[in-house]
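These notes are about the structure you will find just below.
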Amino acid sequence: MRASLIQIAADPDETANSRRQRAASLVREQRGADLVVLPELWPVGAFAYQSFEDEAETPAGPTYEVMAEAARDAGVWLHAGSIVERDPDGTLYNTSLVISPTGDLAGTYRKIHRFGFDKGEAVMMGAGADLATVALPELTIGLATCYDLRFPELFRGLVDAGAGLFVVPAGWPARRRGHWTLLARARAVENQAYVLACGTAGTHADVEQAGHSIVVDPWGEVLAEAGPDEEILTVDLDAAKVEATREQFPVLKDRRLGVVAPDLLR
Ligand SMILES: NC(=O)CCC(=O)C(=O)O
């Protein structure tokens with residue numbers, strides 16, 4: 001299974017529409033891949049809070065339209081990163097879109113853990129309330145977004161829902177790059193799953209982005225890591241390695257939910 005992570009910048013000098021067209025061309029160039037991934041809120045910029053209202057769209061809006069055509073042309077599954085979604089009730093969400101090779105919307109995920117404590121995303125957006133997985137032909141992918149990486153219980157929930165690969169689009173700042181790499185590897189090791197974490201390049205809203213998109217295997221080995229600038233990371237994954245790792249070193253079977261998290265069993 002071949003995956004390509006498109007680490008694009010959310011440069012404020014480029015309009016969202018121009019960036020959509022540029023991203024679509026990059027997706028088309030990935031023909032031959034099985035799964036292509038874009039970062040968090042790339043049309044707008046994850047920290048460009050002042051643009052959230054103006055750039056909000058529906059899951060069937062301009063990002064989906066342009067990306068569905070690109071996914072179809074390339075014949076790939078496309079995790080189109082996330083958009084600022086406006087719900088009909090007016091609430092904004094940080095929503096990921098997964099598009100099938102036929103251009104259909106195969107899944108959405110509203111980010112559950114909003115970043116910013118008492119400002120930015122945390123106050124401007126609603127919190128997602130549902131876990132999301134999408135069954136690809138070779139593996140089920142579990143969806144998470146950026147700050148979610150800090151919440152291991154979400155990933156355990158995704159494992160319980162059948163995930164063997166986590167896709168994590170992000171707009172992670174350079175000043176916490178060490179956490180990014182460490183957390184991506186931790187989520188892979190503890191869940192014996194692949195992690196495809198696609199970051200943002202460049203600087204927007206005065207926040208220098210880490211880039212450093214990373215692909216980690218179910219044993220925690222880093223298969224590929226990007227630098228800080230725009231880059232496409234392409235890596236071949238062995239889907240069978242998820243089950244093989246879980247069988248050979250069956251830690252997930254030793255969970256003691258009845259002791260440490262009895263509420264989860266109710
Ligand atoms: N966009 C984000 O969720 C940023 C997360 C972050 O900066 C952190 O967890 O650190």
Side-chain angles (χ1 to χ4, degrees), residues 5-12 16 19 23 37-53 55-57 63 79-86 91-98 108-132 142-158 166-188 190-191 195-214 216 225-226 228 230:
L5 279 59
I6 300 179
Q7 180 174 289
I8 198 168
D11 187 334
R19 186 147 53 245
V37 184
L38 281 158
E40 179 187 29
L41 297 178
W42 58 272
V44 190
F47 286 87
Y49 304 132
Q50 73 289 351
S51 303
F52 282 6
E53 278 289 341
E55 298 291 350
E57 51 182 312
T63 300
H79 184 308
S82 68
I83 59 164
V84 180
E85 178 201 356
R86 188 189 306 283
T91 309
L92 303 182
Y93 292 96
N94 184 338
T95 302
S96 290
L97 309 176
V98 180
T108 60
Y109 165 67
R110 287 175 168 170
K111 185 177 183 180
I112 292 176
H113 304 95
R114 297 160 298 169
F115 183 67
F117 307 108
D118 57 358
K119 58 182 192 315
E121 181 183 43
V123 294
M124 295 180 72
M125 291 178 146
D130 296 304
L131 271 59
L143 308 187
T145 306
C146 202
Y147 186 51
D148 280 335
L149 206 47
R150 295 186 183 273
F151 300 86
E153 61 276 18
L154 166 61
F155 292 79
R156 271 293 152 85
L158 292 169
F166 304 124
V167 182
V168 189
W172 198 279
R175 63 180 169 276
R176 290 186 291 280
R177 177 158 79 81
H179 293 189
W180 165 251
T181 313
L182 183 68
L183 291 166
R185 292 192 69 193
R187 298 297 83 86
E190 72 197 359
N191 295 296
V195 172
L196 268 56
C198 182
T200 303
T203 297
H204 65 266
D206 292 329
V207 180
E208 185 190 351
Q209 295 291 299
H212 281 267
S213 296
I214 188 167
V216 190
E225 185 172 343
E230 287 206 342

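For ligands, and for the atoms within them, numbers begin at 1 and follow the listed sequence. FYI, the numbering just counts along the sequence from 1.
Between the E121 side chain and the R114 main chain, no donor and acceptor come within less than 3.5 Å of each other.
Close contacts between ligand 1 and C146 involve ligand atoms 1 (N), 2 (C), 3 (O), 4 (C), 5 (C) [criterion: under 4.0 Å to a heavy atom]. Within ligand 1, counting atoms from 1 as listed, the ones closer than 4.0 Å to a heavy atom of F115 are 2 (C), 3 (O), 4 (C), 5 (C), 6 (C), 7 (O), 8 (C). The E40 neighbourhood of ligand 1 comprises atoms 1 (N), 2 (C), with distances under 4.0 Å to a heavy atom of that residue.
When only modelled atom types and interatomic distance are considered, R110 and N94 share no side-chain donor-acceptor pair under 3.5 Å. There is no side-chain donor-acceptor pair under 3.5 Å between E208 and T203. Between Y109 and D148, the side chains place a donor N or O and an acceptor N or O closer than 3.5 Å (distance only, hydrogens not considered).
Among R176, R150, R175, the residue whose heavy atom lies closest to atom 7 (O) of ligand 1 is R176.
Polar contact check, K111 against ligand 1: a nitrogen or oxygen pair lies under 3.5 Å apart. Between Y147 and ligand 1, an N or O atom pair is found at a separation short of 3.5 Å.
The aromatic rings of H113 and F151 sit parallel to each other, their planes meeting at less than 30°, with 60° as the upper class boundary.
The shortest heavy-atom distance from R114 to ligand 1 is not under 4.0 Å.
The one candidate from E40, R177, H179 that meets the side-chain contact (heavy atoms from CB on, under 4.5 Å) condition with W172 is H179.
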